[in-house]
Amino acid sequence: MAQDDLLKKLISHSKEYGFVFPSSEIYDGLSAAYDYGQLGTELKNNIKSYWWAAMVRMHENIVGLDSSIFMHPMTWKASGHLDAFNDPLIDNKDSKKRYRADVLIEEHVAKIEAKIDKDIAKAKKRFGDAFDETQFRETNPNVLRRQQEIDGINAKFKAAMDVEDLDAVKQLIVDLDITDPDTGSKNWTDVRQFNLMFKTELGAVSGDSGVIYLRPETAQGIFVNFLNVQKTGRMKVPFGIAQIGKAFRNEIIARQFIFRMREFEQMEMQFFVKPGTQKEWYDYWKEQRIKWHNALRLGAENYRFHDHVKLAHYADAACDIEFNFPMGFKELEGVHSRTDFDLTRHEEYSGKKLQYFDPEENKNYVPYVVETSIGLDRMFLAVLSAAYQEEKLEDGSERTVLRIPPALAPVKAAVLPLLKKDGLPEKAREILADLQVDFNCQYDEKDAIGRRYRRQDAIGTPYCITVDHDTLEDHSVTIRERDSMTQDRVAIDKVHSIIAERVSMRNLLKQ
Ligand code: ATP
């Protein structure tokens with residue numbers, strides 16, 4: 001399926017089955033805002049639980065936090081967001097469309113990278129098992145030339161952004177002959193900076209004194225509570241604080257469904273470490289996080305690391321974990337080594353000490369921080385896009401199936417009486433009542449059984465339990481598995497444990 005088609009299909013499938021709706025749709029929607037429907041909410045909650053279990057429950061030295069969205073405005077001065085949380089913006093004078101200058105340049109680079117990938121794929125095919133990708137990258141003249149071109153562009157872009165030379169950024173766009181992706185026009189305005197924070201007013205105070213901001217990241221709530229948690233939890237460095245919550249950014253362009261929204265949810269963890277050990281912990285968290293992703297089996301080939309060329313003002317190392325979304329490889333998660341920047345700045349601006357007394361070293365210091373930060377909505381989109389499949393079946397019919405990992409599936413099991421009579425519904429409801437205590441289930445007695453299976457496939461339900469006339473005699477049911485569509489006959493008293501074993505998060509967390 002073409003990737004563009006996939007995104008369109010996901011949007012309509014999400015709406016049709018109650019995963020994601022456009023926000024305030026009866027008023028024609030609000031750009032870049034979405035509501036999660038009945039199934040979307042379940043999927044989102046399951047992703048959160050998986051993250052929380054892996055990060056907090058499975059790590060003795062990581063604890064949770066739920067800090068408020070509103071924070072003292074000085075927070076954002078200290079964190080640098082007021083002065084530097086900007087995106088370079090450029091308009092096309094013909095199409096009147098607005099773009100992020102850095103994204104235009106990144107997309108240009110991605111096109112060259114795609115050419116390298118193509119060369120490699122071709123060579124792989126030609127040389128078979130004997131192919132050595134590293135050697136090919138280091139010696140093939142075409143790849144070398146393209147890589148040199150990429151390095152040159154990245155270096156120029158970094159140099160320009162480091163000194164905020166926006167004219168040089170514009171010049172780079174002109175020199176690279178970058179055109180408006182929609183219309184092909186090259187009629188660009190100058191590049192200017194745009195601050196992404198949403199402003200609002202606190203209480204009845206108007207004017208500048210009452211201005212506060214909606215948090216653009218959850219991390220700052222963690223930093224300002226660093227000592228509260230460390231002291232009350234008697235935490236010893238290294239330790240982490242994790243938080244799931246909403247963040248808000250007035251994105252310049254937000255066009256790709258739930259990939260880029262102006263209100264979204266982050267799952268962030270700040271890990272406080274001894275200065276000098278940050279590189280070790282950065283590597284550790286890169287490995288932990290990719291393990292968390294791989295356990296879901298969305299396809300290891302759908303992930304890659306991307307090191308940042310231009311480091312944010314607070315970082316000494318940073319990379320993205322990119323996912324192969326329907327729009328191509330894009331950032332899903334960031335792992336950032338944030339140094340002692342945030343805590344030091346909060347010390348400076350608040351006048352309060354934010355230091356840790358290290359009993360082993362017998363001294364105080366401001367810990368360094370390694371952060372993992374993943375967008376919950378982007379993770380949701382990653383799961384959906386890897387799960388969505390249209391299949392032709394052996395009997396010639398078709399089905400749309402969401403192969404969502406069972407532990408994340410919104411509905412774990414559907415209980416289906418074969419007929420709406422002869423005591424089958426009553427028996428089915430008995431089974432349902434038992435399963436419901438532990439799992440989100442559905443009961444469905446409408447339409448032919450084949451259609452009911454299709455409906456459950458379309459929402460990713462891993463197991464369908466069918467109650468038929470034999471059930472009343474032999475106390476057994478049929479369990480149909482979503483992906484293989486195989487059906488097994490099992491005793492009713494085994495159903496709960498079978499479902500429990502197969503949909504358990506244990507299977508993910510133990511990997
Ligand atoms: P991008 O380069 O795509 O704008 P970013 O580098 O600004 O992202 P971070 O500040 O590292 O993003 O935020 C951490 C995570 O939050 C990202 O990896 C992403 O998953 C998520 N995120 C950031 N902005 C948005 C958004 N507008 N909508 C949805 N998720 C977002």
Side-chain angles (χ1 to χ4, degrees), residues 20 23 30-34 36 40 44 47-48 51 76 79-81 84-89 99-107 109-110 157 161 193-198 214-222 242-270 282 285-286 289-290 292-293 303-315 317-325 327-338 341-342 369-385:
V20 183
S23 160
L30 177 70
S31 129
Y34 289 91
Y36 286 84
K44 215 173 157 191
I47 297 173
K48 282 194 221 181
W51 186 84
W76 308 113
S79 69
H81 283 83
F85 194 53
N86 302 319
D87 274 341
L89 167 160
Y99 295 94
R100 265 171 63 177
D102 56 330
V103 172
L104 288 178
I105 294 168
E106 267 169 26
E107 281 173 356
V109 166
F157 178 59
M161 290 305 284
Q193 292 286 27
F194 176 77
N195 192 288
L196 300 183
M197 281 201 295
F198 278 101
L214 300 189
R215 66 179 177 199
E217 61 176 26
T218 61
Q220 296 305 323
I222 295 179
Q243 156 151 261
I244 300 177
K246 290 264 177 159
F248 304 82
R249 297 182 186 178
N250 200 0
E251 298 280 1
I252 295 171
I253 39 162
R255 291 195 196 120
Q256 289 161 327
F257 190 34
I258 54 173
F259 179 82
R260 188 177 299 285
M261 297 191 284
R262 300 207 166 91
E263 172 184 342
F264 58 98
E265 214 159 336
Q266 290 185 313
M267 305 193 285
E268 296 199 297
M269 192 279 299
Q270 311 295 320
Y282 174 68
W285 281 110
K286 274 174 74 171
R289 293 305 304 147
I290 198 72
W292 182 89
H293 286 287
Y303 292 91
R304 70 181 188 197
F305 281 107
H306 174 84
D307 288 325
H308 283 197
V309 178
K310 179 187 177 294
L311 290 174
H313 56 276
Y314 49 73
C319 69
D320 297 334
I321 297 176
E322 294 187 336
F323 186 79
N324 191 11
F325 287 101
M327 315 76 80
F329 274 96
K330 302 247 178 225
E331 174 175 348
L332 166 62
E333 170 159 9
V335 182
H336 309 132
S337 174
R338 289 179 84 125
F341 175 85
D342 301 86
V369 172
V370 176
E371 150 186 276
T372 70
S373 173
I374 175 168
L376 175 54
D377 314 271
R378 286 192 191 176
M379 189 60 207
F380 184 106
L381 184 59
V383 171
L384 263 196
S385 43

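Ligands are counted one by one from 1 in listed order, and the atoms in each one are counted from 1 as well. Here the structure is a predicted model, which is why all the values come from computation and not from measurement.
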Phe257/Phe259 aromatic ring centres below 6.0 Å: no

Under 4.0 Å from ligand 1, counting heavy atoms only, is it the side chain of Asp320, its backbone, both or neither? neither

Mark the output for Asp377 as yes if a heavy-atom distance to ligand 1 is under 4.0 Å, and as no if none is. no

Say whether Glu371 and Gln270, considering side chains only, have a donor N or O and an acceptor N or O under 3.5 Å apart. yes

What's the shortest heavy-atom distance between Arg260 and Arg100, and which atoms? NH1-NH1, 3.5 Å

Donor-acceptor contact present, side-chain Glu268 to main-chain Ala219, <3.5 Å: yes

Which protein heavy atom lies closest to atom 21 (C) of ligand 1, and at what distance to 0.1 Å? Gly375 CA, 3.6 Å

Test of understanding: with side chain to side chain contact (heavy atoms under 4.5 Å, CB included), list the residues that count as partners of Gln193, not counting sequence neighbours. Asn86, Pro88, Met161, Glu164, Leu166

Distance filter under 4.0 Å to Glu333 heavy atoms, resulting ligand 1 atoms: 18 (O)

Side chain or backbone of Arg260 under 4.0 Å from ligand 1, or both, or neither, by non-hydrogen atoms? both

Taking ring-ring contact (aromatic ring centres under 6.0 Å, His included) as the definition, give me every residue that meets it alongside His293, ordered by chain and number, with sequence neighbours left out. Tyr303

Shortest protein heavy-atom distance from atom 6 (O) of ligand 1, along with the residue and atom involved: Glu331 OE1, 3.0 Å

Heavy atom of the protein closest to atom 29 (C) of ligand 1 (residue, atom name, distance): Phe259 O, 3.2 Å

Which of the numbered atoms in ligand 1 are below 4.0 angstrom from a heavy atom of His336? 11 (O)

Any donor-acceptor pair under 3.5 Å linking the side chain of Asn195 with the backbone of Met197? yes

Looking at Phe329, does the NZ or CZ of Arg304 lie under 6.0 angstrom from its six-membered ring centre and within 45 degrees of the ring axis? yes

Using a 4.0 Å cut-off to any heavy atom of Glu251, which atoms of ligand 1 qualify? 24 (N), 26 (C), 27 (N)

Please check: side-chain N/O of Arg215 versus main-chain N/O of Trp76, any donor-acceptor pairing under 3.5 Å? no

Which protein heavy atom lies closest to atom 19 (C) of ligand 1, and at what distance to 0.1 Å? Arg378 NH1, 3.5 Å

Heavy atoms of Ile252 and Asp87 approach each other most closely as CD1-CB, 3.7 Å

Contact partition for Met267 relative to ligand 1, non-hydrogen atoms under 4.0 Å: neither

Within a distance under 4.0 Å of any heavy atom of Ser373, pick out the atoms of ligand 1 and give their elements. 13 (O), 14 (C), 15 (C), 18 (O)

Mind checking whether Phe264 has an N or O less than 3.5 Å away from an N or O of ligand 1? no

What atoms of ligand 1 come within less than 4.0 Å of a heavy atom belonging to Arg100? 4 (O)

Heavy atoms of Glu331 and Phe325 approach each other most closely as O-CE1, 4.0 Å

Does any N or O atom in Arg249 lie less than 3.5 angstrom from one in ligand 1, N or O only? yes

Short N or O distance, Ile374 and ligand 1, threshold 3.5 Å exclusive: no

Under 4.0 Å from a heavy atom of Met261: give me the atoms of ligand 1 that qualify, with their elements. 26 (C), 27 (N), 28 (N), 29 (C)

Student check: side-chain heavy atoms of Met379 and Glu333 closer than 4.5 Å: no

I'd like to check whether Glu268 has a polar contact with ligand 1, where a contact means an N/O of the residue lying under 3.5 Å from an N/O of the ligand. no

Run down the list Glu217, Glu322, Gln266, Met379 and name the one with the heavy atom closest to atom 13 (O) of ligand 1. Gln266

